Amino acid sequence: MLDPKLLRTKLDEVALQLSRRELNIDKDWFASQEKQRRHLQAATENLQSQRNRNSKLIAQAKSSGQDTTVMLEEMGKIANELKACETKLDDLKSEIHTWMLELPNIPHHSVPEGTTDKDNIEVRKWGDCPGFDFEVLDHVDIGERLGGLDFKRAAKVVGSRFVTMHGQVARLHRALIQFMLDVHISEHGYKEVYVPYIANEQSLTCTGQLPKFEEDVFRLHTSDLRYLIPTAEVPVTNLWRDYIAKEEDLPVKYVCHTPCFRSEAGSYGKDTRGMIRQHQFEKVELVQLVKPESSWRALDELTQHAEVILQKLQLPYRVVTLCTGDLGFASAKTYDIEVWLPSRKGYCEISSCSNFLDFQARRLKARWKNTATRKTELLHTLNGSALAVGRTLVAIMENNQDQYARVRIPEALQPYMNGLEVISRE
RNA sequence: GGAGAGGUGGCAGAGUGGUCGAAUGCGGCGGUCUUGAAAACCGUUGACUCGAAAGGGUCCGGGGGUUCGAAUCCCUCCCUCUCCGCCA
């Protein structure tokens with residue numbers, strides 16, 4: 001959520017910034033609602049003040065045995081008037097609040113202008129894209145030849161956009177998770193957490209998936225609103241909801257492995273082949289809560305932490321800055337990491353690292369006590385995939401294939417595979 | 001799933017209709033004392049919001065109600081704990 005103060009005092013500036021996202025906000029509507037709200041609030045508070053004052057007088061009068069019928073009569077009038085005012089004010093406030101919940105974050109000034117992912121800006125490249133002297137297969141064909149991936153049987157179990165993994169491929173997938181967790185814990189100073197895979201409405205609202213993107217998540221058939229988590233970001237960030245952190249707690253750095261569930265509504269016909277775009281996938285997520293002054297440095301570090309995984313796996317990649325049109329709802333700036341896929345002769349998103357500034361923290365009421373100013377201030381939140389496990393598996397299979405559709409296991413993973421160097425048909 | 005107890009400030013814990021944003025303790029901050037620290041003692045210390053300030057308003061799990069007036073009474077939802085049942 002954007003700072004309501006900013007909206008009230010610098011509406012034109014906010015509108016201008018949001019127009020970079022091709023979003024036109026209804027300034028006049030907001031201004032007039034705000035004007036009404038201000039007026040009503042003043043009136044309401046004035047009546048409340050009268051009520052409080054009279055209430056004390058009545059209490060005093062009663063305790064000294066005076067007659068209070070006249071006072072009570074007057075209070076009755078105030079009470080009626082007040083109730084009417086409060087009802088109107090509440091309605092108005094919730095209308096404004098609903099409107100504000102739909103506003104995305106303001107893109108940082110360094111975010112490039114653009115409308116689609118074509119306009120994202122490459123910031124660096126790492127590794128050499130492998131050359132092959134045979135015709136490369138994609139992970140689907142390799143997986144089938146190895147007997148390690150099976151999409152048809154997954155479809156039988158549940159439907160499309162799922163996969164089953166078998167034998168050494170399944171083990172490689174699991175090894176990746178352990179490897180990523182270990183690196184972030186022992187080399188990057190993150191603390192591992194385990195969290196629920198179901199979250200309630202409030203949690204998804206605080207991180208920004210709701211109210212706008214309900215169609216992207218799986219909703220459970222419970223009486224209260226519950227959802228399968230689309231990312232660990234939701235439960236992990238919400239650990240700090242309604243908290244006032246001590247300065248020495250910061251920065252908070254969590255690493256968390258969870259499955260992620262996405263309905264992929266609106267992506268029909270996109271990446272339908274293979275395991276690039278699934279309803280269920282595993283991800284190792286990094287989440288940080290930091291002092292505002294250090295969030296930009298933290299974004300760079302967090303992105304580096306994700307890159308380290310690809311470097312250790314010897315997978316070529318590039319980092320891009322998302323343009324205004326491709327930027328996520330809650331994010332002020334995002335770096336995507338894209339891994340090289342030989343079958344596509346192109347790069348494919350494998351991580352997304354974002355700084356949300358105080359956008360999520362404001363919804364979360366995630367704050368800290370600034371000892372210098374003695375004030376309670378909002379934290380900044382960040383997160384990034386490090387990495388999407390399924391896509392990492394795809395990248396390894398495709399980049400490390402040989403002409404017999406065998407897959408060489410990166411050295412860093414071999415300890416997790418009982419020393420196995422190559423996966424071949426079992 | 002059944003029975004009971006309970007949800008109050010950073011934490012613990014009083015408060016059952018009025019002068020209660022809320023006793024007390026702990027913790028935090030400032031000070032006295034001390035070479036320094038601890039202890040002791042004194043002072044101070046909730047969040048949000050409107051306002052230049054003075055000051056006003058809101059918040060006692062969420063929502064609704066009763067009342068001139070609600071932390072306190074009623075309804076409802078959520079959550080926690082204890083016991084029983086079932087169970088990986």
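Everything numeric in this text was worked out from a predicted model, so none of it was measured.
In this model, no side-chain donor or acceptor of K56(A) finds a partner on the base of G18(B) within 3.5 Å. A donor N or O paired with an acceptor N or O is not found under 3.5 Å between the base of G57(B) and the side-chain atoms of Q48(A).
Between R241(A) atom CZ and G61(B) atom P there is a gap of 17 Å when expressed in whole angstrom units. The nearest whole Å value for the distance from the CG atom in L40(A) to the P atom in G56(B) is 22 Å. The distance between atom CG of D242(A) and atom C1' of G62(B), rounded to the nearest whole Å, is 12 Å. Rounded to whole Å, the distance from NE2 on H97(A) to P on U49(B) is 14 Å. Atom C1' of nucleotide G69(B) and atom CE of M75(A) are separated by 5 Å, given to the nearest angstrom. Rounded to whole angstrom, the span from the CG atom of L47(A) across to the P atom of G56(B) amounts to 16 Å. When rounded to the nearest whole Å, the span between CE of M71(A) and C1' of C68(B) equals 10 Å. Atom pair K365(A):NZ and G9(B):P shows a separation of 15 Å (rounding to whole Å applied).
Comparing the P positions of C68(B) and G62(B) gives an interatomic distance of 25 Å, to the nearest angstrom. Comparing C48(B) with C11(B), their P atoms sit 15 Å apart, to the nearest whole Å. When the C1' atom is compared between G13(B) and C26(B), the two are found 11 Å apart, to the nearest whole Å. Of the C1' atoms belonging to C83(B) and U8(B), the separation is 26 Å, rounded to the nearest Å. Rounded to whole Å, the C1' atom of G17(B) lies 40 Å from the corresponding atom of G30(B). G46(B) and A54(B) have their P atoms separated by 16 Å, with the value rounded to a whole Å. Comparing U72(B) with G6(B), their P atoms sit 15 Å apart, to the nearest whole Å. Across the C1' atoms, G15(B) and A23(B) are found 8 Å apart, a figure rounded to whole Å.
Using a 4.0 Å heavy-atom distance criterion, K5(A) is classed as a sugar-phosphate-only contact. Nucleic acid contact for K369(A): sugar-phosphate only, since backbone atoms but no base atoms lie under 4.0 Å from a heavy atom of the residue. Counting non-hydrogen atoms under 4.0 angstrom, T371(A) reaches nothing in the nucleic acid. Across all strands shown, R226(A) has heavy atoms under 4.0 Å from sugar-phosphate atoms exclusively, and none from any base.
Across every strand in view, A54(B) sits unpaired, with no contact that passes the Watson-Crick or G-U test at under 3.5 angstrom. In this entry G85(B) has no Watson-Crick or G-U wobble partner, no candidate having both defining distances under 3.5 Å. In this structure C11(B) sits in a base pair with G25(B), meeting the Watson-Crick or G-U test at under 3.5 Å. Under the Watson-Crick or G-U wobble criterion, with both distances below 3.5 Å, A70(B) has no partner in any strand shown. A5(B): Watson-Crick or G-U partner is U80(B), with both key distances under 3.5 Å. The pairing partner recorded for G46(B) is C59(B), the criterion being a Watson-Crick or G-U wobble arrangement whose two distances lie under 3.5 angstrom. Pairing of U32(B), defined by two Watson-Crick or G-U wobble distances under 3.5 Å, is identified with A40(B).
Electrostatic pairing of K253(A) and E192(A) does not count as a salt bridge here, judged by no charged N lying under 4.0 Å from a carboxylate O. Remark: K291(A) does not engage E377(A) in a salt bridge, criterion side-chain N to carboxylate O under 4.0 Å.
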**OP:** Apply the test side-chain hydrogen bond (donor to acceptor under 3.5 Å, both in side chains) to residues T258(A) and K283(A): give CA-CA distance (whole Å), side-chain angles for both, the deciding distance (0.1 Å), then the verdict.
**Re:** CA-CA 6 Å; T258(A) 68; K283(A) 186 155 57 67; 5.9 Å; no
Original post:
Where do F261(A) and Y197(A) land on the ring-ring contact (aromatic ring centres under 6.0 Å, His included) test, with the steps shown first?
Top reply: CA-CA 9 Å; F261(A) 303 94; Y197(A) 300 161; 7.3 Å; no
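With the nearest nucleotide of RNA chain B identified for both N46(A) and N54(A), N54(A) has the one nearer the 5' end. Of the two residues contacting RNA chain B, namely R37(A) and S63(A), the nearest-nucleotide position lying further toward the 5' end is that of S63(A).
The phosphate of A47(B) (OP1 or OP2) has no side-chain N or O of K375(A) nearer than 4.0 angstrom. OP1 or OP2 of U58(B) lies within a sub-4.0 Å distance of a side-chain N or O belonging to R51(A). Within the 4.0 Å cut-off from OP1 or OP2 of G56(B), not a single side-chain nitrogen or oxygen of S49(A) is found. Side-chain nitrogen and oxygen atoms of K83(A) include none within less than 4.0 Å of the OP1 or OP2 phosphate oxygen of C68(B). An OP1 or OP2 oxygen of C48(B) is reached within less than 4.0 angstrom by a side-chain nitrogen or oxygen of R367(A). The side chain of T376(A) contributes an N or O atom lying less than 4.0 Å from OP1 or OP2 of A47(B). For U58(B), one of the phosphate oxygens OP1 or OP2 lies less than 4.0 angstrom from a side-chain nitrogen or oxygen of N52(A). Between R8(A) and the phosphate of C50(B), there is a side-chain N or O to OP1/OP2 separation shorter than 4.0 Å.
With ring centers used as reference points, H305(A) lies under 6.0 Å from Y190(A). Ring pair W296(A)/H108(A): centre-to-centre distance below 6.0 Å. Here F151(A) and F162(A) keep their ring centres 6.0 angstrom or further from each other.
Proximity note for E45(A) (side chain, C-beta onward) versus C79(B), G51(B), G56(B): the nearest is G56(B). Of all nucleotides listed (U19(B), U49(B), G18(B)), U49(B) comes nearest to the side chain of Q41(A). Which of U19(B), G51(B), A47(B) sits closest to the side chain of R38(A) comes down to G51(B).
Among residues two or more places apart in sequence or in another chain, the salt bridge (charged side-chain N to carboxylate O under 4.0 Å, His left out) test is passed with R20(A) by E113(A).
Judged by distance alone, with hydrogens and angles left aside, the side-chain atoms of S203(A) form no donor-acceptor pair with the main-chain N or O of A199(A) at under 3.5 Å.
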